[in-house]
Amino acid sequence: MSESARLGAPPEGTLSGMAQPGGATLDYTITLHDPKNDTDEEIAERVAFSNIISAEVTPDDPPTPVEEAIAALRSSPERLRRWSFRARDAKGQLAGMMGTGIDPEHDENPDMFWTGANLLPEHRRRGLGTRLLAEIVKLAESEGRTRLLGGTNDRLPAGAAFAEAIGAEVKSRMHMNRLMVADVDRAMLQQWVDDGPKRAEGYELFGWDGPVPEEYLEKYVELVHVMNDAPRDDIEMNDFKLTPEQVREGEKQMAAIGAEHWTVVVRRVEDDAWAGFHDMSWYPFEPNFMNVGATGVLPAHRGHAIGKWLKAQIMLRVLDEKPDVTEVRTGNADSNDAMLGINHLMGYKPWIASAVYEVSVEQARAWLEQRGALEPR
């Protein structure tokens with residue numbers, strides 16, 4: 001079982017608002033940047049740009065504050081390698097961005113680049129997406145990457161149109177699902193919590209807020225690897241390998257932006273075997289939302305309604321302690337029947353459809369060469 005949710009400024013590695021082929025290319029200048037070297041002013045420019053695109057996807061959401069973006073960037077690990085191609089129009093205004101990045105110490109899929117483009121509405125269908133893609137293809141070749149993957153969503157159909165035009169194939173379909181707090185059946189959730197120790201006899205629930213307590217860190221890292229069981233559909237990729245260092249890095253970044261992070265765990269009492277976990281986050285610039293991080297139960301412990309117990313426990317806490325929260329968001333693969341079954345009972349409804357596309361670097365190059373965007377090798 002798996003879940004994830006976090007809306008806001010779209011990252012530079014998503015295929016949102018990508019230019020469609022066939023339009024006339026205007027006078028654009030494309031430069032390469034390492035985001036970690038951005039000044040506060042450059043970050044502010046990027047945030048303003050991304051907020052415009054975010055408003056197309058979720059017009060009722062608050063914009064990402066510049067201060068949050070600065071704090072997130074300044075607290076990210078130094079070792080990360082990032083590339084950001086930024087296109088400016090003839091007036092020097094930021095018109096489009098396309099980027100990617102890797103963690104060189106934790107790169108389980110060295111043949112892949114997660115990438116994509118964001119273009120302002122007035123700069124779509126003018127060939128700019130093609131030019132940005134050419135830069136990413138050249139970068140991928142220089143880094144020995146053979147596959148490009150990126151996400152699209154149904155609020156920005158130009159992304160899927162471009163992906164299909166270059167020959168990319170859908171590898172996974174998913175939805176952002178959301179639960180309106182006003183629709184929550186509190187009595188049902190309380191029953192799930194009351195039934196938890198009965199249906200999962202011999203198990204108990206515990207948890208913490210914020211950083212993982214040091215005495216739990218090793219077991220927590222091991223437990224999180226259950227998320228490698230999450231449906232991947234047709235995406236071919238190796239399992240991730242989480243380390244205690246990465247957990248602490250993520251916690252540092254959460255603290256820098258003032259986020260709250262709640263975690264609950266179920267363990268078997270007799271041998272302290274950890275069976276499953278569930279977490280949610282709250283961000284101060286989105287005070288009306290809670291975001292599900294993950295829900296996972298190890299195979300040996302499934303069949304005891306542990307997932308229901310975990311999710312109901314935190315949701316009741318949201319009702320009691322976050323009166324301003326109006327909705328909870330979670331991302332699920334459309335093929336994740338186990339998690340979707342629980343979410344449906346809780347009242348979650350599909351909201352935003354998305355897909356992961358993949359194209360080989362070789363195929364992308366051939367498409368670009370046909371259009372004169374890249375010189376033949």
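- No side-chain N or O of Asn291 forms a donor-acceptor pair with one of Ser281 less than 3.5 Å apart.
- Thr263 and Asp279 are not linked by any side-chain donor-acceptor pair at a separation below 3.5 angstrom, with hydrogens and angles left out of the test.
- Contact check on Asp334 versus Arg173 returns no salt bridge, with no Lys/Arg side-chain nitrogen under 4.0 Å from an Asp/Glu carboxylate oxygen.
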Report task. Would you check, one step at a time, whether the test side-chain contact (heavy atoms from CB on, under 4.5 Å) holds for Val318 with Trp262? Result -> CA-CA 10 Å; Val318 172; Trp262 301 350; 3.8 Å; yes
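- Seen from the ring of Phe289, Arg329 counts as a face-on cation partner, given the 6.0 Å and 45° thresholds.
- A donor-acceptor pair under 3.5 Å links the side-chain atoms of Thr100 to the main chain of Trp114, judged by distance alone.
- With respect to the salt-bridge test (charged N to carboxylate O, under 4.0 angstrom), the residues Glu56 and Arg155 do not qualify.
- In terms of modelled atom types and a separation under 3.5 Å, the side chain of Arg125 and the main chain of Pro121 share no donor-acceptor contact.
- Distance check: Ile352 CD1 to Met174 CE gives 13.0 Å after rounding to the nearest 0.5 Å.
- Remark: Lys311 fails to qualify as a cation-pi partner of Trp192 under the 6.0 Å distance and 45° angle criteria applied to the six-membered ring.
- Residues meeting the side chain to side chain contact (heavy atoms under 4.5 Å, CB included) test with Pro323, sequence neighbours left out: none.
- How far CZ of Arg79 is from CD of Glu249: 4.0 Å, rounded to the nearest 0.5 Å.
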Could you pull out all donor-acceptor pairs under 3.5 Å where a side-chain atom in residues 236-246 meets a protein atom, sequence neighbours excluded?
residue : atom : partner : partner atom : Å
Asn238  : ND2  : Glu108  : O            : 2.8
Asp239  : OD1  : Arg232  : NH1          : 3.3
Asp239  : OD1  : Arg232  : NH2          : 2.4
Thr243  : OG1  : Gln246  : N            : 3.1
Thr243  : OG1  : Gln246  : OE1          : 3.4
Gln246  : OE1  : Thr243  : N            : 3.0

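- There is no side-chain donor-acceptor pair under 3.5 Å between Asp89 and Gln93.
- Ion pairing of Arg365 with Glu141 is present here, as a side-chain N (NZ or NE/NH1/NH2) and a carboxylate O approach within less than 4.0 Å.
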Requested in this report: Please test Trp309 against Phe277 for ring-ring contact (aromatic ring centres under 6.0 Å, His included), starting from the C-alpha separation and ending with a verdict.
Outcome: CA-CA 10 Å; Trp309 188 9; Phe277 80 105; over 10 Å; no
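- In the displayed structure, His344 atom NE2 is contacted under 6.0 Å by at most 12 heavy atoms of other residues, nucleotides or ligands.
- Between the side chain of Ser50 and the main chain of Val47, no donor-acceptor pair closer than 3.5 Å is present.
- The residues Lys322 and Glu260 are annotated as salt-bridged, a charged nitrogen and a carboxylate oxygen being separated by less than 4.0 angstrom.
- If you look at Tyr216 and Phe206, their ring centroids are closer than 6.0 Å.
- For Arg88 (side chain) and Ile30 (main-chain N/O), no donor-acceptor pair under 3.5 Å exists by modelled atom type.
- Within the 4.5 Å cutoff, the side chain of Leu156 has heavy atoms near those of the Val57 side chain.
- Taking a cutoff of 4.0 Å between a charged side-chain nitrogen and a carboxylate oxygen, Arg46 and Glu42 do not qualify as a salt bridge.
- Of the charged side-chain nitrogens involved, at least one lies within less than 4.0 Å of a carboxylate oxygen, so that Asp272 and Lys219 count as a salt-bridged pair.
- Each of Thr295, Leu340, Val292 was evaluated against Asn332; a single residue qualifies, Leu340, per the side-chain contact (heavy atoms from CB on, under 4.5 Å) test.
- Remark: Glu169 engages Lys171 in a salt bridge, criterion side-chain N to carboxylate O under 4.0 Å.
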Requested in this report: Show the numbers, then the answer: is there a side-chain contact (heavy atoms from CB on, under 4.5 Å) between Thr330 and Met339?
Outcome: CA-CA 11 Å; Thr330 180; Met339 185 53 59; 6.0 Å; no
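- Trp83 contributes no side-chain N or O that, together with a main-chain N or O of Pro35, makes up a donor-acceptor pair within less than 3.5 Å.
- Salt-bridge formation is not detected for the pair Asp38/Arg82: no Lys NZ or Arg NE/NH1/NH2 atom is positioned less than 4.0 Å from an Asp or Glu carboxylate oxygen.
- Of the possible polar contacts, none joining the Asn51 side chain to the Ser54 backbone as a donor-acceptor pair under 3.5 Å is found.
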Requested in this report: Go through the steps for Leu32 and Glu135 under the test side-chain contact (heavy atoms from CB on, under 4.5 Å), then give the verdict.
Outcome: CA-CA 9 Å; Leu32 176 60; Glu135 299 296 337; over 6 Å; no
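- The closest donor-acceptor contact from the side chain of Glu358 to the backbone of Val170 lies at 3.5 Å or more, if one exists at all.
- Side-chain heavy atoms closer than 4.5 Å link hydrophobic residues (I, L, V, M, F, W, Y) into clusters, and following such links, possibly through other members, connects Val221 to Trp208.
- Once rounded to the nearest 0.5 Å, the distance linking OH of Tyr348 with CG of Leu179 reads 5.0 Å.
- No hydrogens or angles considered: a donor-acceptor pair under 3.5 Å links the side chains of Glu164 and Tyr357.
- Judged purely by atom type and a 3.5 angstrom limit, Arg131 uses its side chain to pair as donor or acceptor with the backbone of Tyr28.
- In this structure, Arg377 pairs ionically with Glu362, as a charged nitrogen and a carboxylate oxygen lie closer than 4.0 Å.
- Remark: aromatic rings of His301 and Tyr203 are close, center separation under 6.0 Å.
- The backbone N or O of Asn288 lies less than 3.5 Å from a partner atom in the side chain of Thr326, making a donor-acceptor pair.
- A salt bridge does not link Arg317 with Asp320: none of the charged nitrogens is closer than 4.0 Å to a carboxylate oxygen.
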Report task. I would like to know whether Asn153 and Ser354 meet side chain to side chain donor-acceptor pair (under 3.5 Å); could you show each step before the answer? Result -> CA-CA 4 Å; Asn153 70 72; Ser354 59; over 6 Å; no
Report task. Using the side-chain contact (heavy atoms from CB on, under 4.5 Å) rule, take Ile257 and Glu67 through it: C-alpha gap first, then chi angles, then the decisive distance, then the call. Result -> CA-CA 8 Å; Ile257 63 176; Glu67 295 75 16; over 6 Å; no
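- Side chain of Asp185 to backbone of Met188: a donor-acceptor contact under 3.5 angstrom is found.
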